[in-house]
Number of protein chains: 2
Amino acid sequence: MSADDYRLEEQIGFLLRRAQQRATAIFTTRFAGYGLTPTQFAALAKIADEGEVSQNRLGRLTAMDPATMKGVIDRLSERGLIAGRADQKDRRRTQWRLTDPGAALLAAAYGDGFAVTAEIMDPLSPRERATVLRLLAKIV
Amino acid sequence: MSADDYRLEEQIGFLLRRAQQRATAIFTTRFAGYGLTPTQFAALAKIADEGEVSQNRLGRLTAMDPATMKGVIDRLSERGLIAGRADQKDRRRTQWRLTDPGAALLAAAYGDGFAVTAEIMDPLSPRERATVLRLLAKIV
DNA sequence: GAAAATTCGTTCGTATACAAACAATTTCAG
DNA sequence: CTGAAATTGTTTGTATACGAACGAATTTTC
């Protein structure tokens, strides 16, 4: 394989980057009214699932490294959407939970979360949608 | 669809983000010796294809917005891998091309570009690889 | 040919993303 | 029980990513 054969457009990495750009753009448009980014929404949704969760564990659940997670937590916390309390059993940990405004915002936003997924998948048939999810899950 | 039905792990956006994280990690490991990021490599490859190309056009070819492109161009230029010259016909434009060291580095790195793609696709069968490329191209 | 619209590149601000190094704390091994 | 190892969270630095606003230059429109 020589340099002439390298077609950027056919590399999975480039396609993944472009697909994520489109996904983010769709999310941003749909969530403009909430002022939430994809990662912030993911964090809120996972905190809701867990009830109460430490910062590092939330990072693992949402695929964010600790340094990234800190920024996301700080911004959600400053907006009053989540609240933290020191863990009594492990003094390294802070446990985070949704505040009432956070829970209300999340409840209002879920429907748009589904809408974002639907819009991203719109170019695909139902069968193709299932396939792409299955193959991406394999790649991850 | 209620909030209980929202499973982050099954949303295409979340899967795309995770897949790209893995792709980037594989790239970073394989390209550590070159000191090139995925976007820098993409830019070099496209400049090589084009011979000479303006900054905004390169951004369109590599799916980077002008602000992002500027940072990539600046870093490649500072390393002496590319060189720019003012366009005589359009004085807003700068035309960029590979320097000899840039061309040499790119030539040495192409093989690893293919290797990165292969490693990302490793969990998939040949048929699945073709399918995922086709479906991602539809989504983009 | 002049006004309007578009394009090119820059700058600023915000938000991921992650490597690397670190202190504090907890867990594990012998 | 104690030293080693692992975990938790923080900080710093670098690199995308993009919205928004901008001046300069070019193209389009009438």
Side-chain angles (χ1 to χ4, degrees), chain A residues 13-14 16-29 31-32 34-44 53-79 81 84-96, chain B residues 13-14 16-29 31-32 34-44 53-79 81 84-96:
Chain A
F14 184 68
L16 285 172
R17 185 167 138 263
R18 290 224 295 145
Q20 217 216 325
Q21 284 176 344
R22 176 159 171 272
T24 304
I26 289 170
F27 186 101
T28 301
T29 300
F31 273 68
Y34 304 115
L36 291 176
T37 63
T39 48
Q40 289 169 4
F41 182 65
L44 289 181
V53 62
S54 74
Q55 200 165 310
N56 275 16
R57 175 166 162 72
L58 183 59
R60 287 189 292 272
L61 293 170
T62 55
M64 296 181 222
D65 91 338
T68 303
M69 191 77 262
K70 184 180 192 313
V72 175
I73 286 281
D74 284 352
R75 283 180 283 276
L76 291 175
S77 177
E78 279 162 20
R79 280 182 64 187
L81 300 176
R85 65 166 187 82
D87 187 320
Q88 296 309 312
K89 292 181 188 143
D90 187 337
R91 287 183 328 205
R92 297 168 303 180
R93 285 200 179 105
T94 306
Q95 298 286 348
W96 295 94
Chain B
F14 184 67
L16 286 171
R17 185 167 139 261
R18 290 224 294 145
Q20 216 215 326
Q21 284 176 344
R22 176 160 170 271
T24 304
I26 289 171
F27 186 100
T28 301
T29 300
F31 274 68
Y34 304 115
L36 290 177
T37 63
T39 46
Q40 289 169 4
F41 182 65
L44 290 181
V53 61
S54 73
Q55 199 165 311
N56 275 15
R57 174 165 163 74
L58 183 60
R60 286 189 293 271
L61 292 170
T62 55
M64 295 181 223
D65 91 338
T68 302
M69 191 76 261
K70 182 179 194 312
V72 175
I73 285 281
D74 284 352
R75 283 180 283 276
L76 292 175
S77 178
E78 279 162 20
R79 280 181 65 187
L81 300 176
R85 64 168 188 82
D87 186 320
Q88 297 309 314
K89 292 182 189 141
D90 188 337
R91 289 181 328 208
R92 296 168 304 179
R93 284 201 179 106
T94 307
Q95 298 286 348
W96 295 93

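Naming convention: chains lettered A, B, ... in sequence-line order (proteins, then strands); numbering from 1 in each chain. Since the structure is predicted, the reported quantities are computational estimates derived from the model, not experimental observations.
Contact detail for B/F31 and B/L36: the closest heavy-atom pair is CB-O, 3.8 Å. Across A/R91 and A/Q88, no two heavy atoms sit closer than the pair CG-O, 4.3 Å.
Defining each end axis of the helix from C/dG1-D/dC30 to C/dG30-D/dC1 as the rotation carrying four pairs' C1' atoms onto the next four, with five pairs an end, the two axes are found to diverge by 40° to 10 degrees.
Shown here are the salt bridge (Lys or Arg N to Asp or Glu O under 4.0 Å) partners of A/R75, two or more places apart in sequence or in another chain: there are none.
Along DNA chain C, the nucleotide nearest to A/T37 and the one nearest to B/T28 differ in position, and the one closer to the 5' end is contacted by A/T37. If A/Q21 and A/Q95 are placed on DNA chain D by their nearest nucleotide, the residue sitting closer to the 5' end is A/Q95. With the nearest nucleotide of DNA chain D identified for both B/G71 and A/A25, B/G71 has the one nearer the 5' end. Across the interface with DNA chain C, nearest-nucleotide mapping of A/T39 and B/T94 shows B/T94 to be the residue nearer the 5′ end.
Remark: A/Q55 CD to A/R60 CZ distance equals 11.5 Å, nearest 0.5 Å. Atoms CG and OG1, on A/L16 and B/T24 in that order, are 8.5 Å from each other to the nearest 0.5 Å. Note that CZ of A/R85 is 5.5 Å distant from CD of A/Q95, once rounded to the nearest 0.5 Å. Summarising the geometry, atom CZ belonging to B/F27 is positioned 15.0 Å from atom CZ belonging to B/R22; distances are rounded to the nearest 0.5 Å.
Rounding to whole angstrom units, CZ of residue A/F41 and P of C/dA15 are separated by 18 Å. Across the protein-nucleic acid pair, B/I26 atom CD1 and C/dA17 atom P stand 17 Å apart, rounded to whole Å. For A/K70 and C/dC18, the NZ to C1' distance is 16 Å, given to the nearest whole Å. If you take CE of A/M69 and P of C/dT16, they are 9 Å apart, rounded to a whole angstrom. Whole-Å rounding puts the B/I73 CD1 to C/dC8 P distance at 14 Å. Counting to the nearest Å, the P atom of C/dT16 and the CZ atom of A/R17 are 18 Å from each other. Atoms CD (B/Q20) and C1' (C/dC18) sit 13 Å apart, rounded to a whole Å.
A heavy atom lying under 4.0 Å from DNA chain D marks the following residues of residues 55-68 of chain A, by number: A/Q55, A/N56, A/R60, A/P66, A/A67. Scanning residues 84-91 of chain A for heavy-atom distances under 4.0 Å to DNA chain D yields an empty list.
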Which atom pairs link the protein and nucleotides 21-23 of chain C when you take only N or O atoms and keep those under 3.5 Å?
none

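At the phosphate of C/dG9, neither OP1 nor OP2 sits under 4.0 Å from any side-chain N or O atom of B/R92.
Test B/L58, B/T62, B/T94 against B/V53 for side chain to side chain contact (heavy atoms under 4.5 Å, CB included) and you get one pass: B/L58.
Contact footprint of chain B on DNA chain D: nucleotides with an atom under 4.0 Å from a non-hydrogen protein atom, first to last in 5' to 3' order, D/dA15 to D/dT26.
Salt bridge annotation for A/D87-A/K89: absent, with no cationic side-chain nitrogen under 4.0 angstrom from a carboxylate oxygen. Checked for salt-bridge contact, A/D74 and A/K70 meet the test: a charged N lies under 4.0 Å from a carboxylate O.
Panel note: side chain A/R79, backbone A/G35; a donor-acceptor pair is recorded below 3.5 Å. B/Q21 places a side-chain N or O within 3.5 Å of a backbone atom of A/A63 that can act as its donor or acceptor partner. Side-chain atoms of B/T68 do not come within 3.5 Å of backbone N or O of B/M64 as any donor-acceptor pair.
Residues B/V72 and B/T37 have side chains not in contact (no heavy-atom distance under 4.5 Å, counting atoms from C-beta outward). Between B/R93 and B/N56 the shortest side-chain heavy-atom distance does not fall below 4.5 Å. The shortest side-chain heavy-atom distance between A/W96 and A/S77 falls under the 4.5 Å cut-off.
Residue A/S54 is classed as a sugar-phosphate contact, given heavy-atom separations below 4.0 Å to backbone atoms only.
Nearest nucleotide to the A/Q40 side chain, out of C/dT16, C/dT10, C/dA17: C/dT16.
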Should A/M69 and A/T39 be marked as a side chain to side chain contact (heavy atoms under 4.5 Å, CB included) after you check the CA-CA gap, both sets of side-chain angles, and the distance that decides it? CA-CA 9 Å; A/M69 191 77 262; A/T39 48; over 6 Å; no
